[in-house]
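To keep things clear, I will list the structure first and then write my remarks on it.
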Amino acid sequence: MNLINRYSKPQLFSLVALRVVIGWYFLYEGLAKLFSPNWTSYGYLMDSAGIFAPFFKELGLSGTMIQIADNINIYGLIAIGLCLILGSFTKIASLLALAFLSMYYLSHPPLIGAQYILRPEGSYLWVDKNAVIFFAIVVLLFFPTSRLIGLDRYIYKLKERN
Amino acid sequence: MSDDINNRKDTAPDNEKNRPVKKHSESRRDALKTLATLPVLGAMGYGVYKKKKNEENHRIASQLFHFDEKQTILPVQPEGEQIRLGIIGFGIRGSQLLQAIGFATPTYVEDLKETSRKNPSNTRYQDFLDQDSVNVVINGVCDIFETYAKNASAAGANINREGLNGKYGKAPKIYKHYKELLAAPDIDAVIIATPDHWHGTMIMDAAKAGKHIYAEKPLTWTVPETYLVKEAIENSNIVFQLGHQGRQIEIYKRARDIIEKGQIGKVSLIETSTNRNDPNGAWVYPIHEDANPSTIDWAQFEGPEERVKEYMDYMNDHGLEKYIGPESRDKFSLERFFRWRCWWDYSTGLSGDLLTHEYDAMNQIFDLGIPTSATSSGGVYFFKDGRTVPDVLQTTFEFADKDLTMLYTATQANQYNRSRKIMGHDATMELGSALTITIDGASTQYKDKIDSGIIKPGEPFYRYIPGRSVDALTSATEMYFAERGLLFSYVKGKRYNTTFLHIREWLECIRQGVQPSCGIKESFEEAITAHMGTRAYLEGKTKYWDKEKKEIV
């Protein structure tokens with residue numbers, strides 16, 4: 001709490017803005033998948049590369065596991081997005097987001113010579129969009145804002161009162 | 001309000017007196033800070049709504065190109081009787097046909113196992129094991145090359161789909177001559193996968209012997225035998241299926257639905273092609289090390305006497321001696337035995353081998369029937385290995401009563417992927433592993449939608465990928481996968497091979513006493529069409545179909 005109380009207004013504003021835009025990004029990724037009929041992570045998983053590729057491909061080929069993975073993806077993304085935007089349970093949401101991003105990174109590592117059918121929209125070497133967002137969320141974890149701006153403010157008050 | 005302002009900075013809970021006022025102001029500010037980011041969700045909601053509305057316009061595509069969900073494969077009778085099969089010809093295609101219904105040599109199964117061990121993402125071994133049983137037993141096999149005959153017998157005995165040192169069933173009997181196999185009482189139905197020059201004769205003999213027939217395409221090698229085969233099948237009670245497994249491709253059924261509803265407008269031109277660029281694709285097949293005059297029954301390979309006479313008569317009557325041979329028919333030749341497709345002496349060339357698949361696909365979609373005329377050109381331009389059949393061929397078929405042209409264009413020395421295009425006044429339909437429709441900028445039917453911006457002419461507007469439900473909003477990703485053939489075809493959630501489905505249809509038709517999708521009518525049309533193309537090439541002039549006399553003139 002000490003650190004939180006010492007945020008200047010521009011610091012607080014930029015941290016909240018970062019939290020909200022990352023939340024937006026996750027929420028819309030989830031909604032877009034939810035709304036596209038028959039969306040499945042099959043293609044993405046089958047296009048994996050790197051040392052973990054066999055694991056992701058096996059996941060893609062297994063009938064039941066892929067359904068579970070798809071649902072975790074869709075609803076996980078939506079939940080993370082809502083939590084970050086609204087500022088509720090942001091710590092858990094951030095940790096979950098880090099787990100998701102790790103999976104995306106490990107299944108499609110931007111290695112030298114890695115060729116993906118689903119081409120990334122940019123040019124990457126070792127560091128990709130997932131890695132950048134990962135560390136942005138690490139920043140959010142150590143510079144929390146939801147108890148100042150967000151539902152956590154109310155949630156923690158309730159906690160304190162009890 | 002002034003109290004609020006005064007107390008704004010005081011957040012310490014020590015001043016009990018001020019608490020009610022403070023609580024009021026604090027709670028308002030608290031609420032503001034708590035819910036400050038809530039409007040973001042409103043913005044997201046608005047954005048998603050706008051985006052979905054925008055996509056609705058595109059979704060019109062799925063309404064435009066709607067088709068009924070039909071059962072696309074004949075259901076298997078749960079208590080169907082076992083069919084006793086014989087196979088004649090166990091070369092490349094013959095072994096593929098048996099593999100498709102679950103019978104492969106132990107060596108082949110070992111290879112599959114090895115491949116999947118090395119590359120776990122290769123699922124062919126598992127697919128082979130998982131393939132439905134078609135409830136058949138292989139009782140007889142025949143091949144004039146000893147090694148192939150032994151392989152066929154080993155495949156037929158491999159009832160548990162095992163590798164080496166497995167538990168096998170009773171080995172099917174090996175027949176030296178196909179007529180002995182046809183005479184066997186413990187065989188109900190035969191698969192014929194021999195070189196082209198034997199198809200017709202074997203089909204007729206099998207029909208006379210009362211055996212149901214699954215024969216590889218093309219139906220015949222000479223024109224005169226085509227009529228005889230038709231008559232023989234029509235006068236029999238057998239179930240006949242020609243091996244155009246394309247009949248099982250779901251996408252062609254969808255294409256037919258869409259075209260029948262007039263949704264691409266009047267079709268005037270169909271473009272089909274073959275592009276291959278490797279020796280195997282040009283029929284330069286490997287020569288087996290065991291092959292020699294003592295392991296191959298060359299006399300039987302030469303062909304049926306009457307057919308050879310029909311062939312020689314036609315060639316000589318039309319001054320086409322240069323296409324005969326060049327080697328003498330009775331001279332043993334390993335090249336001619338394994339690469340028989342390269343010589344007219346046994347082959348029907350590109351026309352019979354590959355054009356027939358394209359034609360049959362279009363005949364399935366349009367009920368084309370026999371063309372009014374055929375014109376061909378081409379030559380031996382790349383594989384100058386002594387072959388007589390061309391490796392580049394262009395054939396144009398006119399269907400005057402349908403007001404359309406079907407173009408077939410092939411090269412065996414370039415594998416650029418040219419899609420099948422069905423060109424209508426309102427749209428062009430492309431058929432590959434996906435069905436894609438691009439609306440024509442000058443379309444009459446879609447003028448309103450083009451004018452109002454719903455349809456962007458020239459851009460793919462609708463795409464159907466087999467195994468997935470109708471979806472006009474198919475993502476770029478999915479398209480990519482479909483075009484690279486990475487999306488599999490599923491029937492009710494299970495991946496199938498079209499050859500399996502085609503043989504299975506034939507077997508079910510035998511059990512249920514119904515006619516299969518590529519019966520004698522379709523086969524006769526296929527054969528005559530291919531022969532017209534071939535004759536046009538050989539004679540260097542347009543060949544016509546005389547509807548009255550039912551003759552190629």
Side-chain angles (χ1 to χ4, degrees), chain A residues 5 12-13 16-17 19-21 23-28 30-48 53-58 60-61 63 78 81-88 90 116-119 145-157 160, chain B residues 11 13 23 26-27 29-45 47-49 51-53 55-56 58-59 62 116 118-123 126-127 130 465 467-488 490 493-495:
Chain A
N5 285 336
L12 182 62
F13 176 81
V16 171
R19 196 189 82 205
V20 169
V21 294
W24 179 287
Y25 178 75
F26 273 79
L27 178 58
Y28 189 70
L31 289 177
K33 290 174 176 61
L34 183 67
F35 290 141
S36 59
N38 304 309
W39 175 82
T40 168
S41 55
Y42 172 77
Y44 183 80
L45 290 170
M46 296 312 283
D47 194 25
S48 302
F55 163 73
F56 290 108
K57 285 184 182 173
E58 200 172 308
L61 287 170
I78 292 173
L82 284 173
C83 287
L84 290 181
I85 292 175
L86 293 174
S88 59
T90 45
Y116 297 106
I117 294 176
L118 307 171
R119 253 163 257 173
T145 53
S146 61
R147 284 167 72 173
L148 294 170
I149 305 290
L151 291 180
D152 278 348
R153 190 185 174 91
Y154 180 69
I155 292 165
Y156 275 82
K157 278 228 166 103
E160 272 168 29
Chain B
T11 52
K23 198 177 176 186
E26 191 66 10
S27 66
R29 292 191 316 114
D30 243 13
L32 256 174
K33 287 185 174 176
T34 306
L35 301 173
T37 52
L38 192 63
V40 174
L41 288 187
M44 168 71 76
V48 168
Y49 168 76
K51 205 169 164 123
K52 289 223 76 161
K53 214 174 155 190
E55 285 167 354
E56 277 301 304
H58 298 284
R59 182 155 291 148
S62 66
S116 73
K118 279 189 193 143
N119 178 8
S121 63
N122 185 317
T123 61
Q126 199 54 43
D127 292 345
D130 292 346
I465 299 172
R468 326 222 79 206
S469 58
V470 186
D471 179 12
L473 298 171
T474 330
S475 67
T477 319
E478 276 178 324
M479 288 175 201
Y480 218 98
F481 277 105
E483 275 156 18
R484 297 194 170 203
L486 286 169
L487 281 179
F488 307 117
Y490 288 87
K494 198 162 176 190
R495 197 191 313 176

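Just so it is clear: chains get the letters A, B, ... in the order the sequence lines come, proteins before strands, and each one is counted from 1. All values reported here derive from a predicted model rather than from experimental measurement.
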* **Best-contacting candidate, A/Val16, A/Leu27, A/Ile155, against chain B by heavy atom pairs under 4.5 angstrom** => A/Leu27
* Enter the distance from B/Met44:CE to A/Tyr28:OH here, rounded to the nearest 0.5 Å. => 8.0 Å
* **Approximate separation, where rounding is to 0.5 Å, of B/Leu35 CG and A/Leu151 CG** => 6.0 Å
* Please identify each residue that fulfils side-chain hydrogen bond (donor to acceptor under 3.5 Å, both in side chains) with A/Ser41, with sequence neighbours left out. => A/Asp70
* Examine whether an atom of B/Ala31 lies under 4.5 Å from a heavy atom of chain A, and if so say whether it belongs to the side chain, the backbone or both; otherwise answer neither. => neither
* Scan for salt bridge (charged side-chain N to carboxylate O under 4.0 Å, His left out) pairs involving residues 30-40 of chain B, sequence neighbours excluded, and state none if there are none. =>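 Applying salt bridge (charged side-chain N to carboxylate O under 4.0 Å, His left out) to every pair that reaches into residues 30-40 of chain B, excluding sequence neighbours, yields A/Arg153-B/Asp30, A/Lys157-B/Asp30.
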* For A/Leu82, is it the side chain, the backbone, both, or neither that has a heavy atom closer than 4.5 Å to a heavy atom of chain B? ->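 The answer is the side chain of A/Leu82.
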* To do: Examine whether an atom of A/Ile149 lies under 4.5 Å from a heavy atom of chain B, and if so say whether it belongs to the side chain, the backbone or both; otherwise answer neither.
  =>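 The answer is both parts of A/Ile149.
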* Asked: Do you know which two heavy atoms are closest between A/Tyr154 and B/Thr34, and how far apart they sit?
  -> CB-CG2, 3.8 Å
